[in-house]
Amino acid sequence: MPELPEVETIVNNLRLGAAGAPALPGKVITGAQVLWQRTVAEPDAPVFEQQITGQAVRDIHRRGKYLVFELSHDVLLVHLRMSGDLLVGSGEHAVTAHTRLLLRFKNGLHLAFQDARKFGRVWLTCDPLSVLGRLGPEPFDEQLTAELFYTRLQGSRRQVKPLLLDQSFLAGLGNIYTDEALHLAKIHPQANAHSLELRQAERLLESIRCVLREGIRRQGASIDWVYRGGDFQNYFRVYRRSGSPCPACGTSVVRIVVSQRGTHICPRCQAVN
DNA sequence: CACGAGACCTGTTCGC
DNA sequence: TGCGAACAGGTCTCGT
């Protein structure tokens, strides 16, 4: 479920503390409990529980859609996939119906990995690149110039939407922000990547950065039954707005399917090439 | 190489 | 009201 802005928001809250919860950096993990074995991709759950206990959280940051916890000896990587969330709490009732992993700290403080659909995964490793190594550039990386982005688009024969969703092409976009960015750039999701001109590539990169910045500023989107405070869902241009008017031209937004993902476009602004 | 289908999972919403 | 189908913010693997 979460894309770059939602992950960024969660990281910021865990790093700095939010809503009465303390910041995690500096705290020592006093115990761990794996409630759904497959949530832990590596190592085996019993080893994970034993190995993470006693390690302090040094810092937390984001790479693509991964949360990266720098611990005393290892790195904890968390990918929330479709329905995952990380919640800090204290006292009783730490484990609920959807808790898949629980990390305990002193004084009853805990970090719960909640994940209704069980797609989320965590890794405890001393070699984070073994997991993160294939990720493409960060969208806000200054090294990623419009010219370079254009060249990378030229290098693919794929449709532009599935290419943007490919984390090895660009790290962090998901279904929402891809639809929003393509609409803002006025590019059809099924346009061939290599057919885009330099000006379109420039506009697409700008649009990607624009919608991601907007998402971060609004603390992400909260849709379906997952709510974490963000309100970007109230500002979607096209995502899940079929039948509503395009904010740019008033034409009805249409839902199509592109590489098996629901896709929302304005048929007028995003004409097929 | 690129694409489609299926798998992994559970919960909500939609249509009859 | 009830029930099955469709759908959901992601990614991996397999077959063509």
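In what follows, chains are A, B, ... by sequence order, proteins preceding strands, each numbered from 1.
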Can you tell me the distance, in whole Å, between the [atom1] atom of [X] and the [atom2] atom of [N]?
{"X": "A:Phe119", "N": "C:dT13", "atom1": "CZ", "atom2": "C1'", "result": "14 Å"}
{"X": "A:Arg158", "N": "B:dG4", "atom1": "CZ", "atom2": "C1'", "result": "12 Å"}
{"X": "A:Glu3", "N": "C:dT11", "atom1": "CD", "atom2": "P", "result": "9 Å"}
{"X": "A:His79", "N": "B:dC9", "atom1": "NE2", "atom2": "P", "result": "16 Å"}
{"X": "A:Glu180", "N": "C:dG9", "atom1": "CD", "atom2": "P", "result": "12 Å"}
{"X": "A:Ile216", "N": "C:dG9", "atom1": "CD1", "atom2": "P", "result": "20 Å"}
{"X": "A:Met82", "N": "B:dC8", "atom1": "CE", "atom2": "P", "result": "16 Å"}
{"X": "A:Lys161", "N": "C:dG9", "atom1": "NZ", "atom2": "P", "result": "8 Å"}

* **Nearest-0.5 Å distance, CG of residue A:Leu76 to CG of residue A:Leu67** => 9.0 Å
* Go through A:Trp123 and A:Val40 one step at a time and tell me if the side-chain contact (heavy atoms from CB on, under 4.5 Å) criterion holds. => CA-CA 6 Å; A:Trp123 296 255; A:Val40 180; over 6 Å; no
How far, in whole Å, is [M] from [N] if one measures between their [atom1] atoms?
{"N": "C:dT11", "M": "B:dT12", "atom1": "P", "answer": "23 Å"}
{"N": "B:dC9", "M": "C:dG4", "atom1": "P", "answer": "22 Å"}
{"N": "B:dG6", "M": "C:dA5", "atom1": "P", "answer": "15 Å"}

* Asked: Using a distance-only test with no angle check, is there a side-chain donor-acceptor pair under 3.5 angstrom linking A:Gln159 and A:Ser259?
  -> no
* To do: List the steps and the verdict of side-chain contact (heavy atoms from CB on, under 4.5 Å) for A:His110 and A:Val88.
  => CA-CA 6 Å; A:His110 58 256; A:Val88 175; over 6 Å; no
* Asked: In the structure shown, which nucleotide is the Watson-Crick or G-U wobble counterpart of C:dG9, with both distances under 3.5 Å?
  -> none
* **Pair assignment for C:dC3, Watson-Crick or G-U wobble, requiring both distances under 3.5 Å** => B:dG15
* So which nucleotide from B:dG4, B:dA2, C:dG9 ends up closest to the side chain of A:Arg157? -> B:dA2
* **Per A:Gln260 side chain, nearest of listed nucleotides B:dG6, B:dA2, C:dG10** => B:dG6
Between [X] and [N], does any side-chain N or O lie under 4.0 Å from OP1 or OP2?
{"X": "A:Arg261", "N": "C:dG9", "answer": "yes"}
{"X": "A:Gln167", "N": "C:dT11", "answer": "yes"}
{"X": "A:Lys118", "N": "B:dT10", "answer": "yes"}
{"X": "A:His98", "N": "B:dG11", "answer": "yes"}
{"X": "A:Lys65", "N": "C:dG10", "answer": "yes"}

* **Identified side chain to side chain donor-acceptor pair (under 3.5 Å) counterpart of A:Gln33 within the set A:Glu49, A:Arg100, A:Arg104** => A:Arg104
* Check whether any side-chain N or O of A:Glu180 sits under 3.5 Å from a backbone N or O of A:Phe236 as a donor-acceptor pair, and report yes or no. => no
* Asked: Hey, does A:Arg38 reach any base, or is it just sugar-phosphate, or nothing, if we go heavy atoms under 4.0 Å?
  -> sugar-phosphate
* Classify the nucleic acid contact of A:Arg255 as base, sugar-phosphate or nothing, counting any heavy atom under 4.0 Å across all strands shown. => sugar-phosphate
* Would you kindly check whether a donor in the side chain of A:Gln159 faces an acceptor in the base of B:dA2, or vice versa, at under 3.5 angstrom? => no
* Asked: Per the atom types in the model, does the base of C:dA8 pair as donor or acceptor with the side chain of A:Arg117 at under 3.5 Å?
  -> yes
